[in-house]
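Some notes on the structure that comes next.
Here is how names work: the chains are called A, B, and so on, in the same order as the sequence lines, proteins then strands, and each is numbered from 1.
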There are 2 protein chains.
Amino acid sequence: MADIKAEYLACPIRQVISRFGDKWSLLVLFLLNRSDTGVLRFNEMRRFMTDCSQKMLSQTLKNLEQSHLVHREVFPEVPPRVEYSLTETGRSLMPVLLALIEWGKEHFDEVVTD
Amino acid sequence: MADIKAEYLACPIRQVISRFGDKWSLLVLFLLNRSDTGVLRFNEMRRFMTDCSQKMLSQTLKNLEQSHLVHREVFPEVPPRVEYSLTETGRSLMPVLLALIEWGKEHFDEVVTD
DNA sequence: CACAATTCCTACTTTTTGGTAACTATGTCA
DNA sequence: TGACATAGTTACCAAAAAGTAGGAATTGTG
């Protein structure tokens with residue numbers, strides 16, 4: 001115990017979690033994982049996230065793309081088409097996230113009491 | 001896909017994750033899990049979290065206690081002694097969190113590039 | 001009596017995050 | 001011509017989170 005450097009242990013995992021621990025990222029990842037085709041367009045997601053503003057969805061997707069969890073593909077058409085999907089890294093995260101969601105469902109009542 | 005209600009799916013899990021997805025909670029849980037005795041005092045934790053202010057540690061512990069993830073026991077001594085430990089619910093969360101931490105360690109370089 | 005140790009709390013300020021609304025570009029359809 | 005659709009961006013504002021600095025309570029010790 002005495003030889004644990006908290007800074008060392010805390011920082012890496014915090015940096016990782018901060019990539020998808022915000023208000024909307026998890027939902028985006030979850031929706032992309034759920035999609036039949038593995039692909040979703042901007043406004044398609046918007047329809048599932050009615051209380052998320054355009055700005056926040058855009059920002060969230062940009063962050064996830066920068067973290068290499070989501071792949072963004074632009075088709076040079078008019079009107080523009082942009083397709084989002086999970087990267088390999090993003091897919092590898094899903095089992096862990098789904099386990100977390102399962103835990104959440106199971107223990108919701110114990111944890112969220114107010 | 002078409003029958004997923006985003007509000008329904010998003011809210012519960014977000015509420016759960018918000019209980020330990022903040023800046024310090026994960027570290028507290030991790031430290032308590034790591035402790036030999038399963039118990040840590042306030043200033044003991046402080047020594048491992050040098051960049052966390054007193055206020056934030058206090059606040060974090062209060063939140064974790066309210067979420068029934070951490071147990072707080074006060075001993076009526078002078079100077080006061082307060083011991084923190086994981087609850088049963090808290091302990092049940094640890095395997096999931098450790099898996100997340102493992103994923104984080106493995107994929108850190110892919111995700112954190114800036 | 002002053003001080004130290006322990007576990008906080010409170011007021012104040014700064015930083016980060018999120019929301020609203022308006023704007024852009026471009027080609028299609030009526 | 002002008003409204004529509006898509007995938008955003010930008011400016012501005014409000015709210016929430018976090019940091020700083022100081023105080024409070026208790027009581028045994030020098």
**Prompt:** CD of Glu77(B) versus P of dT6(C): gap in Å, rounded?
**Reply:** 12 Å
**Request:** Check the distance between dC8(C)'s P and Glu83(B)'s CD and give it to me in whole angstrom.
**Result:** 12 Å
**Complete:** Atom CZ of Arg46(A) and atom C1' of dT9(D) are separated, to the nearest Å, by 14 Å
**Prompt:** Passes side chain to side chain contact (heavy atoms under 4.5 Å, CB included), Leu61(A) versus Arg72(A)? Steps please.
**Reply:** CA-CA 9 Å; Leu61(A) 287 167; Arg72(A) 180 174 186 270; over 6 Å; no
**Request:** Report the C-alpha separation of Arg46(B) and Leu57(B) in whole Å, then their side-chain angles, then the decisive distance to 0.1 Å, and conclude whether the side chain to side chain contact (heavy atoms under 4.5 Å, CB included) test is met.
**Result:** CA-CA 8 Å; Arg46(B) 284 250 294 153; Leu57(B) 178 54; 3.4 Å; yes
**Request:** Using a 4.5 Å cut-off on heavy atoms from C-beta on, say whether the side chain of Leu69(A) contacts that of Asn63(A).
**Result:** no
**Item:** Qualifying salt bridge (charged side-chain N to carboxylate O under 4.0 Å, His left out) pairs with a residue from residues 86-100 of chain A, counting only residues at least two apart or across chains
**Value:** Glu88(A)-Arg91(A)
**Complete:** Nearest heavy-atom contact between Leu93(B) and Leu100(A) is CD1-CD1, 4.2 Å
**Asked** Which whole-number value in Å describes the distance from Asn43(B) CG to dT6(C) P?
**Response** 6 Å
**Asked** Can you check the Arg72(B) CZ to dT7(C) C1' distance for me, whole Å?
**Response** 8 Å
**Complete:** Quick tally for nucleotides 24-30 of chain C: nucleotides whose base has a protein heavy atom under 4.0 Å get B, sugar-phosphate-only ones S, the rest -, giving --BS---
Between protein and nucleotides 15-22 of chain D, what N or O pairs are separated by less than 3.5 Å?
from, atom 1, to, atom 2, distance (Å)
dG19(D), OP1, Lys23(B), NZ, 2.5
dG19(D), N7, Lys55(B), NZ, 2.8
dG19(D), O6, Lys55(B), NZ, 2.4

**Sugar-phosphate only, base, or nothing, as touched by Phe75(B) at under 4.0 Å among non-hydrogen atoms** = nothing
**Request:** Indicate yes or no: at least one non-hydrogen side-chain atom of Glu65(B) is less than 4.5 angstrom from one of Tyr84(B).
**Result:** no
**Fill in**
Whole-Å distance, Glu44(B) CD to dA5(C) P, equals 16 Å
**Complete:** Here the distance between atom P of dG28(D) and atom CZ of Arg81(B), to the nearest Å, is 16 Å
**Item:** Glu73(A) CD - dT6(D) P separation (whole Å)
**Value:** 19 Å
**Asked** Reckon Ser58(A) has a side-chain N or O less than 4.0 Å from the OP1 or OP2 of dA7(D)?
**Response** no
